[in-house]
Amino acid sequence: MKDLTTGHVSRLILNFAAPMLLGNVFQQLYSIVDSIIVGKYLGTEALAGVGASFPLIFTMISFIIGIGSGFTIVISQYFGGKQHQNVLKSIDTLFVFLLFASVFVSVIGIFLARPVMALTRLPDEVLPIAVRYLQVYFSGTVMFFGFAGTSAVLRGLGDSKTPLYFLIISTMANIVLDLLFVLVFKLGVEGVAAATVLAQTGAFFTLALYLNKRHEVISIRWRKYIFDKGIFRKALKIGVPTGFQQTFVALGMMALFGIVNVFGTETVAAYTIAMRIDGFAAMPAMNFAAALAAFVGQNIGANKFDRVRKGLTSTFIMTTIVSVCVSMIAFFFRRELIGVFTNNAEVIEIGQRYLLIVSWFYIIFSSMFVVNGVMRGAGDTLIPMFITLLALWVVRVPASYYLSGKMGIDGVWWAIPTAWFIGMSLSYLYYLTGKWKTKGVIRHSQKPTL
């Protein structure tokens, strides 16, 4: 556990973000290797099918993850305020919620895979591949939520290193199983999904075993959890807006795939590869924003609002430097990056065009995430939800549809940075109002200055 309410601000955030960033490097490494194996050995149709599956997976799990993020903020603020009994109750309540939610998502995901994917207008040769992948993947939802929930609790307590170690083990196991199931056992996309499920299962059980033996706060007791309705309501108040935000983002991704899908299998495959590269490019911003959220949560819990402003400034500087470097790599090596995933010349051409347009705008995306990290740490998730929905559903999806009719697939690519710019501008304007300072879980007698 790590107290983020004292010490050098930049160093604390960097040290907290670094393990999460390294962990996500390994996680993205799995996604990249996964896509390379699928694209190189199973073909363009399989790559398109696996890529097109992601929005449905994200849609099914995003609401639950959003609520889980509410628990992370509650835990970090209670921890910052030295209310350790409430920390324990919050952890128990989170695990009870995740158990029931994950079973529900697993069952619904398996049965909805085919009808929902059919609505996205996938090419006929891609649809059955996507359905087979999804049905195997959703069978492991319980283990995914178990590992993700435990990792979120640890981050709320200021520990970003322990999840990293087990994530690295999980990622390496996933890659090995991918190669084994695809190249040796010839299991196709079902083998790719099964590798993910088995790796997540192993990660959760080994992490649970470790925490039961070593951790001073968390233990996976299975039958002794206490569900606290009051804490659950507080977590819902913070987490539900984030959950809705994530869900509508996921639905927006499905809508965008519906636009992209009409351009054919090669375009879907290129978009799949581009999303993998975007995911890697977004990692620093997302992890620094998560670190900032935990930092803000603890410091608001301790009533140290002056450190919050310093944390935002430091995080913005760090993410800007990283984003510029990433943009330069993505721009100048765009053909080589796409070519790592596929030998299809048409896919490479479409994918490099995406990076040519989008890559220079990663700094806008990172700035938006950092500012929203402050609001999430403060427990103010409602306004950021509306901003995200506006940027996606009022700007990006309509612009993608309109511009694709005027400019072809390039129109979809140009709509992406346009939406990022609108979202970043509105988020920063809301930050300047200072209203987020009044949304904390713990009420202090001395009110913050707005």
Side-chain angles (χ1 to χ4, degrees), residues 24-58 60-61 109 113-114 117 120 122-140 144 170-200 253-254 256-257 260-261 263-281 283 334-352 354-355:
N24 273 294
V25 167
F26 276 91
Q27 199 165 34
Q28 288 295 327
L29 177 64
Y30 151 68
S31 296
I32 289 172
V33 173
D34 183 65
S35 296
I36 292 172
I37 293 171
V38 173
K40 294 283 189 178
Y41 296 101
L42 299 180
T44 302
E45 291 80 7
L47 180 60
V50 172
S53 301
F54 177 73
L56 179 56
I57 293 171
F58 188 31
M60 294 298 297
I61 68 176
R114 179 171 292 278
M117 294 309 294
T120 65
L122 270 177
D124 292 339
E125 66 272 19
V126 177
L127 178 60
I129 298 172
V131 172
R132 294 200 306 271
Y133 177 85
L134 283 166
Q135 289 177 337
V136 176
Y137 185 95
F138 277 120
S139 68
F144 170 80
S170 172
T171 299
M172 301 311 294
N174 210 329
I175 292 173
V176 171
L177 290 172
D178 260 349
L179 294 169
L180 182 65
F181 290 167
V182 172
L183 300 184
V184 179
F185 296 144
K186 309 296 183 183
L187 296 179
V189 293
E190 293 94 331
V192 175
T196 301
V197 171
L198 290 175
Q200 289 172 349
M253 291 176 65
M254 293 188 69
L256 288 169
F257 256 103
V260 171
N261 288 344
F263 288 91
T265 299
E266 284 73 19
T267 304
V268 177
Y271 189 41
T272 296
I273 296 170
M275 286 197 305
R276 294 286 188 262
I277 296 172
D278 273 355
F280 205 87
M283 263 193 326
R334 56 189 184 275
R335 287 187 180 274
E336 291 81 1
L337 289 172
I338 301 296
V340 169
F341 296 84
T342 180
N343 297 321
N344 188 307
E346 185 177 354
V347 174
I348 293 174
E349 182 60 30
I350 297 170
Q352 72 84 26
Y354 175 97
L355 292 178

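The residues of the chain are indexed from 1 along the displayed sequence.
Contact of the Ile338 side chain with the Ile350 side chain is not registered, since no non-hydrogen atoms from C-beta on lie closer than 4.5 Å. Looking at heavy atoms from C-beta onward, Val189 lies in side-chain contact with Val50 at the 4.5 angstrom threshold. Side-chain contact between Leu42 and Ile129 is absent, with no heavy atoms from C-beta onward closer than 4.5 Å.
Gly49 and Ala130 make their closest contact through O-CB, 3.5 Å (heavy atoms, listed as atom of the first residue, atom of the second, distance). In this structure, Thr44 and Ala269 approach most closely via the heavy-atom pair CG2-CB, 3.7 Å. When all heavy atoms are compared, the tightest approach of Ala52 to Leu122 is CB-CD2, 3.5 Å. Residues Gln200 and Gly140 approach most closely at OE1-O, 3.9 Å, considering heavy atoms. When every heavy atom of Tyr354 is checked against every heavy atom of Ala274, the shortest pair comes out as CD2-CB, 3.4 Å. Nearest heavy atoms, Ser35 versus Arg276: OG-NE, 2.7 Å.
Annotation: the span from Asp278 atom CG to Met283 atom CE amounts to 12.0 Å, rounded to 0.5 Å. Taken to the nearest 0.5 Å, the OG1 atom of Thr342 stands 5.5 Å off from the CD1 atom of Ile273. How far CZ of Phe280 is from CG of Leu337: 10.0 Å, rounded to the nearest 0.5 Å. Note: Thr267 OG1 to Glu346 CD = 6.5 Å, rounded to the nearest 0.5 Å. The CZ atom of Phe341 sits 10.0 Å away from the CG atom of Asp34 when rounded to the nearest 0.5 Å. Here Asp178 contributes atom CG and Leu183 contributes atom CG; the two are 9.0 Å apart, rounded to the nearest 0.5 Å.
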Quick one, Phe144 with Ile57, criterion side-chain contact (heavy atoms from CB on, under 4.5 Å). Give me CA distance, side-chain angles, the key distance, then yes/no. CA-CA 12 Å; Phe144 170 80; Ile57 293 171; over 6 Å; no
What verdict does the side-chain contact (heavy atoms from CB on, under 4.5 Å) test give for Met172 and Val176, after you've listed the backbone C-alpha separation in whole Å, the side-chain angles of each residue and the deciding distance to 0.1 Å? CA-CA 6 Å; Met172 301 311 294; Val176 171; 5.6 Å; no
Please report the C-alpha distance between Thr265 and Val347 in whole Å, then the side-chain angles of each, then the deciding distance to 0.1 Å, and finally whether the side-chain contact (heavy atoms from CB on, under 4.5 Å) criterion is met. CA-CA 9 Å; Thr265 299; Val347 174; over 6 Å; no
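Under the side chain to side chain contact (heavy atoms under 4.5 Å, CB included) rule, Val33 has a single partner from Leu179, Ile175, Val38, which is Ile175.
The backbone N or O of Ala199 sits nowhere less than 3.5 Å from a side-chain atom of Asn174 that would complete a donor-acceptor pair.
For Phe257 and Tyr271, the ring centers sit closer than 6.0 Å to each other.
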